[in-house]
Each structure stands twice: as C-alpha cells, then as structure tokens.
Enquirer: 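My structure is below; once you've seen it, I'll send some questions.
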Amino acid sequence: MKLGSFDTYIEIVRDGETGRDQFNAPVQGEALVTTAMAQRVQQSGRDYLAADGVQTSRKIVLRTHRQPDIRATDRVRVDGGVVIIREVRPLGRRYIEIHAEGAAL
C-alpha cells in the first residue's frame with residue numbers, strides 16, 4: 001500500500017470519561033482515542049424488509065496503519081457519520097483492517 005492511497009480521515013471514539021463537572025464528578029461521553037488516515041477498501045449497502053419497514057445498513061472496510069489501542073467495542077467517525085467496529089484484523093506488521101457497520105448516510 002502506498003501512502004497516497006490513504007485518502008480518508010477517520011476518528012476512533014469510545015465511551016469514557018471526558019472531564020469533570022463543577023462538583024468534581026466524572027462526566028461520561030464520547031472520548032477520542034485516535035485520528036488516522038485510512039483507505040476505504042469496500043463499501044456496500046444492504047436493504048431488507050423487516051416487520052416495521054425497510055431498513056438500510058452500510059458495511060465499510062477501512063485499512064490504516066496499526067493503532068495500538070483499537071477495540072471491537074469502539075466506533076469510527078467517517079464521512080460525517082458514525083459506524084460501529086465489528087472486527088479488527090491485522091494485515092502483516094504495519095497495517096490493520098477495520099470492518100465496521102452502521103446506518104446509511
């Protein structure tokens with residue numbers, strides 16, 4: 001993979017402590033883990049009919065440099081939306097592949 005193929009900025013976020021309030025109690029929210037450049041490998045949309053109507057989901061696969069603290073419970077902000085990480089796969093020593101799914105944008 002060449003550096004020019006990484007054309008998308010992504011942000012990895014997770015639920016955590018974002019600060020303290022006036023009474024020094026922890027404030028829970030969405031905490032930024034890391035920001036990285038990524039390459040979108042594959043994206044697909046799937047429409048299916050459920051009991052309450054048509055629902056649309058979007059699957060996306062992103063390749064990026066290895067990040068030390070990415071978990072399958074994290075979320076990815078990409079292209080103005082948020083998708084949930086389903087799987088993180090190593091690709092050799094330098095790269096990882098993030099499989100995520102979320103609502104269509």
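Here, residue 1 is the first one in the sequence, and each next residue gets the next number.
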Enquirer: What closest approach, in Å, do Arg63 and Val41 show between heavy atoms, and which atom pair accounts for it?
Expert: CG-CG2, 3.5 Å
Enquirer: Measure from the side-chain N and O atoms of Thr8 to the backbone N and O of Arg40, and report whether any donor-acceptor pair falls under 3.5 Å.
Expert: no
Enquirer: Which heavy atom of Pro26 sits nearest a heavy atom of Arg20, and at what distance?
Expert: CD-NH1, 3.5 Å
Enquirer: Decide yes or no for Val82 and Val76: does some side-chain heavy atom of the first lie under 4.5 Å from some side-chain heavy atom of the second?
Expert: no
Enquirer: Are Leu91 and Ile96 close enough that some pair of their side-chain heavy atoms sits under 4.5 Å apart?
Expert: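 Side chain of Leu91 against side chain of Ile96, heavy atoms only: no contact under 4.5 Å found.
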Enquirer: What residues, two or more places apart in sequence or in another chain, satisfy salt bridge (Lys or Arg N to Asp or Glu O under 4.0 Å) together with Glu30?
Expert: Arg75, Arg77
Enquirer: Would the distance check show the side chain of Thr64 and the main-chain N or O of Met37 forming a donor-acceptor pair, the cut-off being under 3.5 Å?
Expert: yes
Enquirer: If you take all heavy atoms of Ala31 and Glu17, which pair is closest and at what distance?
Expert: CB-O, 4.4 Å
Enquirer: Which atoms form the tightest heavy-atom contact between Glu11 and Thr35, and what is the distance?
Expert: CG-OG1, 3.9 Å
Enquirer: Less than 4.5 Å apart, side chain to side chain, heavy atoms only: is that true for Arg89 and His99?
Expert: yes
Enquirer: Not counting sequence neighbours, which residues clear side-chain hydrogen bond (donor to acceptor under 3.5 Å, both in side chains) with Arg14? List them please.
Expert: Asp69, Asp74
Enquirer: Please walk me through it: do Ile85 and Ile70 pass side-chain contact (heavy atoms from CB on, under 4.5 Å)?
Expert: CA-CA 9 Å; Ile85 296 176; Ile70 295 179; 4.0 Å; yes
Enquirer: If you count the non-hydrogen atoms of other residues, nucleotides and ligands that lie under 6.0 Å from CZ in Arg94, is the total more than 12?
Expert: no
Enquirer: Can you list the residues that meet the side chain to side chain contact (heavy atoms under 4.5 Å, CB included) rule with Gln22, with sequence neighbours excluded?
Expert: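 Checked Gln22 against side chain to side chain contact (heavy atoms under 4.5 Å, CB included); zero matches.
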Enquirer: Restricting to salt bridge (Lys or Arg N to Asp or Glu O under 4.0 Å), what partner residues turn up for Arg71, sequence neighbours left out?
Expert: none
Enquirer: Would Ile84 end up clustered with Ile98 when hydrophobic side chains under 4.5 Å apart are linked, directly or stepwise?
Expert: no
Enquirer: Tell me who clusters with Val13, hydrophobic residues only, linked when side chains sit under 4.5 Å apart either directly or through other members.
Expert: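 Other cluster members: Leu32.
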Enquirer: Does the side chain of Gln67 pick up a donor-acceptor pair with the side chain of His65 at under 3.5 Å?
Expert: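 No - no donor-acceptor pair under 3.5 Å links their side chains.
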